[in-house]
Amino acid sequence: MSTQDCVVALDISTTASKALVLGADGRVLGLASSPHAISSPYPLWSEQEPADWLQAAQESLCRVLAENQITPARIQAIGLTGQMHGLVLLDQHENVLRPAMLWNDGRSAKQCDAIRDALGLARLVALTGNDAFTGFTAPKLLWVRDHEPDVYERINSVLLPKDFVRLKLTGTYATDKAGAGGTLLLDLPSRDWSYEVLSALDIPRGWLPPTNEGLGVTGVVSHAVSKATGLREGTPVVAGAGDQAAQATGVGAVCPDIWALTLGTSGVVFAPSSVPATDALGRAHAFPHAVPGMWHMMGVMLSAAGSLEWYRNTLASEVALAALLEEAGRAPPGCDGLVFLPYLTGERTPHADPLALGAFVGLTPRHSRGHITRAVLEGVAFGLRDNLELLMEAGLPPPREIRISGGGAKSPLWRQILADVLQMDLHVVEVTEGAALGAALLAGAGAGLWPSVEAACQAVVSTCALNSPSSNSACYEMQYERFRDLYPRLRPYFAARP
């Protein structure tokens, strides 16, 4: 291994395609991002043009190499990550048949019901580790069958977003096992496509690409791509991972006793496991991990830092975020009884309820803006505790360490509230692009820069701060019970909304 060696990660996210260069010494040498648009032509629809991902990825790749004077000979491998659950349909000539349906496309509720009817919820969870959600790939595919039969009849290949880019880079059809787990078509214990699910849904096995472990080489850069990007022809392209498994890798959550908490627009509690554990009701997600021989369970709340963003934009747009957080810091823990439910866009875990609504409960004249801001922070923390407890109820042992990252984790106040509510230490990982870093670490392990994914994480990932529970935990225990009591009481109201 030369000190000049490096790897490149491509992250095909929802809003942009990013390219990150990681040196063999563990330093990020460069990062470039190129945006792409989302189309919502009808309510619940969310689509993108796959060609836009490819163009944006090429632009980011060329820019990051040029701006940081990275020569192609230095690049030992390329890793891929990106948005999960999307549906890309190709015909026999590799032409895109329709715009890609994204992870946040919600039109396939009837198809989710059809999947449960076809297999039964218990069998579906036993096979795939998951209940049917509109975000997953399989319901979207059935929606195309039901509503666009002319398109369905021409399908030759079904790919995830990053795997479309892989195909264009290498000419190879392939996917990673972690990303494949988010299709609802993978057999969780065997880590490969489920013939029982495919048969029940009448989906041809030949439409799906081979699955690979995260650091497995899936192809090499083609001659045409080499000419277009300057990459060295024959550069290995490893499988990589869907964005959540890659994010967990990027913060070092690659063994069962280290969990990851991501406080971004959505909130994620990610728990690695050495066995394919599941929740019997499918309330938490269970997928293969990017690490060979590992799985993970994951709880997802839809509006975490997104709740704070909505609150500020709607009710305090003229106030700097730092000022709002300072006011919240002066409000008492528990906010004098004020509770915020963070279900602004429905909820996924632990309440699989697209009709759930956000709410402030317990407002009185004595509540100031600081109380209300703090209630938002606390409500998100309570929602994340719901996720944490659900994963442990599924049989996972409590973690030795929780590593927190994401935009919301930059707030010391919010981190302390979370430590108090979860009653656990939180180790802060300063990482701007965790998913891209994770894909780079997988590429490095696949190329032999490090002997394993675990060794790569030990060499590169570090924590920079620690928040431990304080005496406020007792107050939050009572407030959490109030929080948990509210959803079942308000659910009939949510369901009856116009």
Side-chain angles (χ1 to χ4, degrees), residues 81 84 125-126 128-131 133 176-179 181-182 186 188-189 191 214 241-264 266-302 304 347-352 380-406 409 415 418-419 421-429 431 434-435 438 441-442 453-454 457 461 463 467:
T81 186
M84 296 177 66
V125 172
T128 70
N130 298 279
D131 189 6
F133 292 96
D176 68 286
K177 295 181 183 294
L186 192 89
L188 184 68
R191 303 168 73 88
D243 56 3
Q244 292 301 330
Q247 171 76 23
T249 303
V251 300
V254 293
C255 55
D257 61 348
I258 297 179
W259 293 17
L261 192 162
T262 304
L263 189 57
S266 58
V268 177
V269 180
F270 184 106
S273 174
S274 57
V275 296
T278 61
D279 172 68
L281 299 178
R283 294 170 295 174
H285 301 316
F287 304 136
H289 202 328
V291 183
M294 292 285 294
W295 288 261
H296 73 268
M297 288 190 73
M298 180 172 67
V300 180
M301 62 180 299
L302 297 181
E347 191 53 291
R348 184 178 292 185
T349 311
H351 312 299
V380 171
F382 295 143
L384 288 167
R385 177 164 170 180
D386 274 348
N387 282 266
L388 184 80
E389 295 206 346
L390 179 59
L391 299 186
M392 289 190 289
E393 287 172 12
L396 297 182
R400 172 179 60 84
E401 182 176 322
I402 296 180
R403 295 186 176 181
I404 184 170
S405 63
R415 295 199 310 263
L418 277 162
V421 169
L422 302 180
Q423 299 184 25
M424 290 190 177
D425 291 344
L426 296 180
H427 299 257
V428 184
V429 181
V431 55
L441 293 171
L442 292 168
V453 180
E454 295 86 345
C457 291
V461 181
T463 59
N467 288 86

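Both backbone and side-chain heavy atoms feed into the values below; hydrogens, waters and symmetry mates do not.
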Considering non-hydrogen atoms only, spot the tightest contact between M298 and V268 and give its length. CG-CG1, 3.5 Å

L188 and G129 have their tightest heavy-atom pair at CD2-CA, 3.9 Å

Applying salt bridge (charged side-chain N to carboxylate O under 4.0 Å, His left out), which residue pairs with at least one partner in residues 266-288 are found, sequence neighbours left out? D279-R283

Can you see whether S405 engages Q247 through a side-chain donor-acceptor pair at a distance of less than 3.5 angstrom? yes

For a quick test of reading the model, state the closest non-hydrogen atom pair linking A290 to T249 and the distance between them. CB-OG1, 4.0 Å

Minimum heavy-atom separation for P350 to L390, with atom names? CB-CD2, 3.9 Å

Quick one: side chain to side chain contact (heavy atoms under 4.5 Å, CB included) partners of E401, sequence neighbours excluded? I258, R403, H427, T463

Could you tell me which non-hydrogen atom of L263 sits nearest to which non-hydrogen atom of A304, and how far apart they are? CD1-CB, 3.9 Å

Output yes when a side-chain donor or acceptor of T262 lies under 3.5 Å from a complementary backbone atom of G264, and no otherwise. no

With sequence neighbours left out, what residues match P399 under side chain to side chain contact (heavy atoms under 4.5 Å, CB included)? W259, I402, M424

Donor-acceptor pair, side chain of K177 and main chain of R191, under 3.5 angstrom: yes

Taking the side chain as everything from C-beta on, heavy atoms only, tell me whether V291 gets closer than 4.5 Å to P272. no

For a quick test of reading the model, state the closest non-hydrogen atom pair linking A241 to T81 and the distance between them. O-OG1, 2.8 Å

Can you say whether the rings of F287 and H296 are parallel (under 30°), tilted (30 to 60°) or perpendicular (over 60°)? perpendicular

